[in-house]
2 protein chains.
Amino acid sequence: MSQHRHPGASGHTGAVPALPDLPEATVARLPEYLRALHNLAETGHDTVSSEALATAAGVNSAKLRKDLSHLGSYGTRGVGYDVALLIDQIEYVLGLTQRRAVALVGVGNLGHALAGYAGFVSRGFRIAALFDADESRVGEEINGLVVRHIDDLATIAAQEAIAIGVIATPAPAAQSVADRLVAVGVTSILNFAPCVLSVPDGVDVRKVDLAIELQILSFHEHRKASLTGIPASGPAAGLTALPGGLAATGTQEAVGS
Amino acid sequence: MSQHRHPGASGHTGAVPALPDLPEATVARLPEYLRALHNLAETGHDTVSSEALATAAGVNSAKLRKDLSHLGSYGTRGVGYDVALLIDQIEYVLGLTQRRAVALVGVGNLGHALAGYAGFVSRGFRIAALFDADESRVGEEINGLVVRHIDDLATIAAQEAIAIGVIATPAPAAQSVADRLVAVGVTSILNFAPCVLSVPDGVDVRKVDLAIELQILSFHEHRKASLTGIPASGPAAGLTALPGGLAATGTQEAVGS
DNA sequence: TAGATTGTTAATCGATTAACAATC
DNA sequence: TAGATTGTTAATCGATTAACAATC
């Protein structure tokens, strides 16, 4: 991840070049492009067309070009995009030129797994501290890190310059944990607890609710069953031919592998 | 979860009433309303206004009323919504009147945690089978279920009427697992592997990528730092006052707790 | 030059929101 | 009836998409 001067920085007065005001939908797709680009780089490609990159990222090429156009113009007409340059660009925009420190709160079932998740480390982050409110878990070592008591959050947050807090506690504890994270200056929270968090302006919260994902899929199962006229309780309904046009959930489109 | 006849079922000819054609954005919010309604029911409320329910679900009331209007009219003007009735309604639409069987493939770090995740069971699902390709993991018992070899998928899928497949394998294995799931009739897949899956029309895929969530937060951290003129590497930037209008990420809005 | 592919335009589509008439 | 709150309308906003001029 080399530092890369941002080209959209015009006559801005701040000490740091302002980032382009990217649409949220674009921001959410940039990490997917980045992942696809790393795959391409590893397989020896140094140039890629919008069509090929779009396929690898599971979007259509018009959307990809539109998204990239918000970053500035980094393609070459008639040729495509330089893979290494585009990686640098996207990593710069996403703020991945520094490895951000993550604090994980709640080392139960899910928290344990997250603490050991290699993808966090390989994609730009550093798990800097683990916390729990349960004394019986404090002191346990997970993946080379010792679990601290949540009361030590302030001390450790200052030491480690925590940029992002991850909440993996039960729902009833989550708001209190969020309040503590905000109090020590954390302005980005990833919440795995199934509840709504109340935070001040300027704090970003993203929520991942595993049961909700299944419930959304359940709706589509139910809908497919009702369309084919097969009773919703019938087994093996999935083997029946379906009318087209149902595949897209807004999450992924079918693409050639 | 009582069976509830769907009111939007007009003169449809199929054996099962057709579901209303809900906007995807609405479908994605219904589970959040359902969770909030269950909380309300548990705390003794039998009626709720759109304003109160919206707050509990982290959306504004206009959006909530609009969403619910797609299901039909279940509120009473001047009074609000009947909590129990609305729970039945939403559970019906989401297809949660039956407990759907889930097959989980990949019992590594994350898969282990998912296999023990209580939220799946408490919110309408049944983990019916665990699979792995690694012989050393086959036979292990997790949460009362024995891990089977992925080659046994066809046999067990037929026995258990698997409705949803969850992929928690490393990325290189995910496409092959998806192909196998589709081959045995699974038409809904939740993918935790960081890669794009190629599936036929009629198969729904939702993707959860934990690193992508952090990268989106990283973008906003980077952006906040650039706006305040504080170098992106400076610690404790979060304690600085920020210009307003930055809180919403499209994922959650600030609400009173 | 001819072929390929980007970056941009403009049309379309879907989602959000405020306001308020309907109505309990 | 008066007050409260829904369901719907219409305006606005943001995202998607196809098409193609620009240009390598």
Side-chain angles (χ1 to χ4, degrees), chain A residues 7-8 20-30 32-33 37 40 45-83 85-86 89 216 245 247-255, chain B residues 7-8 20-30 32-33 37 40 45-83 85-86 89 216 245 247-255:
Chain A
D21 214 339
L22 261 30
E24 264 304 309
T26 296
V27 172
R29 283 188 294 262
L30 289 180
E32 195 68 60
Y33 302 155
L37 284 162
L40 288 163
H45 300 74
D46 41 47
T47 259
V48 66
S49 70
S50 64
E51 194 64 41
L53 180 54
T55 297
V59 301
N60 71 47
S61 65
K63 192 184 281 180
L64 173 86
R65 288 198 301 277
K66 183 73 158 173
D67 283 339
L68 295 186
S69 76
H70 292 297
L71 309 185
S73 299
Y74 290 96
T76 305
R77 289 163 134 109
V79 178
Y81 299 88
D82 181 282
V83 171
L85 177 64
L86 201 47
Q89 252 317 293
I216 294 169
T249 59
T251 309
Q252 176 179 339
E253 301 155 32
V255 291
Chain B
D21 213 339
L22 261 32
E24 264 305 307
T26 297
V27 172
R29 283 187 294 263
L30 289 179
E32 196 68 59
Y33 302 155
L37 285 162
L40 288 163
H45 300 73
D46 42 45
T47 258
V48 66
S49 71
S50 63
E51 194 64 41
L53 180 55
T55 298
V59 300
N60 70 46
S61 65
K63 194 184 281 181
L64 173 85
R65 288 198 300 279
K66 183 72 159 173
D67 283 338
L68 294 185
S69 76
H70 291 296
L71 308 186
S73 299
Y74 291 96
T76 306
R77 289 160 132 110
V79 179
Y81 298 89
D82 181 281
V83 171
L85 177 63
L86 200 47
Q89 251 318 291
I216 294 170
T249 59
T251 310
Q252 175 179 339
E253 300 155 32
V255 290

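Naming: A, B, ... by sequence-line order, numbering from 1 per chain.
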| message | Within this structure, what is the CG-CG distance for the pair A/L68 and A/L86, rounded to the nearest 0.5 Å? | response | 5.5 Å
| Tell me: CG of B/D82 to P of D/dG7, nearest whole Å? | 12 Å
| query | Pairs counted as Watson-Crick or G-U wobble with both distances under 3.5 Å: what dot-bracket string results for DNA chain D, using | for bases tied to another strand? | reply | ..||||||||||||||||||||||
| query | Just how far, in rounded Å, is P of D/dG14 from CZ of A/R29? | reply | 15 Å
| If you look at every heavy atom in B/Y81 and B/S49, which pair is closest and at what distance? | CD1-C, 4.5 Å
| request: Round to the nearest Å and state the distance from B/D67 atom CG to D/dT6 atom C1'. | output: 14 Å
| message | Can you tell me which nucleotide in C/dA15, D/dT6, D/dG7 comes closest to the side chain of B/S50? | response | D/dT6
| message | In whole Å, I'd like the distance from the CG atom of A/N60 to the C1' atom of C/dT5. | response | 15 Å
| query | How is A/A62 classified with respect to the nucleic acid when contacts are heavy atoms under 4.0 Å: base, sugar-phosphate, or nothing? | reply | base
| Quick one: the side chain of B/R77 and the base of D/dT6, do they pair up donor-acceptor inside 3.5 Å? | yes
| said: By nearest atom, which of the nucleotides D/dA15, D/dT9, D/dC24 is closest to the A/T76 side chain? | reply: D/dC24
| said: Please give me the minimum heavy-atom distance between B/L64 and B/A54, naming the atom from each residue. | reply: CD2-N, 4.0 Å
| request: Figure out the CG/P separation between B/L71 and D/dT6, and round it to whole Å. | output: 14 Å
| remark: Nearest-nucleotide check on DNA chain D, A/G78 vs A/T26; residue mapping nearer the 5' end is A/T26
| query | Cut-off 3.5 Å, side chains only: do B/D67 and B/Y33 have a donor facing an acceptor? | reply | yes
| query | What integer distance in Å separates B/E51:CD from C/dT17:P? | reply | 13 Å
| request: List the atom of B/D82, the atom of B/L85, and the distance in Å for their closest heavy-atom pair. | output: OD1-N, 2.8 Å
| said: So if I take every side-chain heavy atom of A/R65 and compare against D/dC20, C/dC20, C/dT16, which nucleotide ends up nearest? | reply: D/dC20
| remark: Per atom distances to the A/P23 side chain, the nearest of D/dT6, C/dT17, D/dA15 is D/dA15
| task | Among the candidates C/dT9, D/dT6, C/dT6, find the nucleotide nearest to the side-chain atoms of A/Y81. | result | C/dT6
| Residue pair B/V83 / B/T47: nearest heavy atoms and the distance that separates them | CG2-N, 3.7 Å
| message | If we ignore hydrogens and angles and just use 3.5 Å, is the side chain of A/T26 paired with the main-chain N or O of A/L22 as donor and acceptor? | response | no
| task | Report the distance from atom NE2 of A/H70 to atom P of C/dT9, rounded to the nearest whole Å. | result | 12 Å
| said: Measure NZ/B/K66 against P/C/dC20 and give the value in whole Å, please. | reply: 17 Å
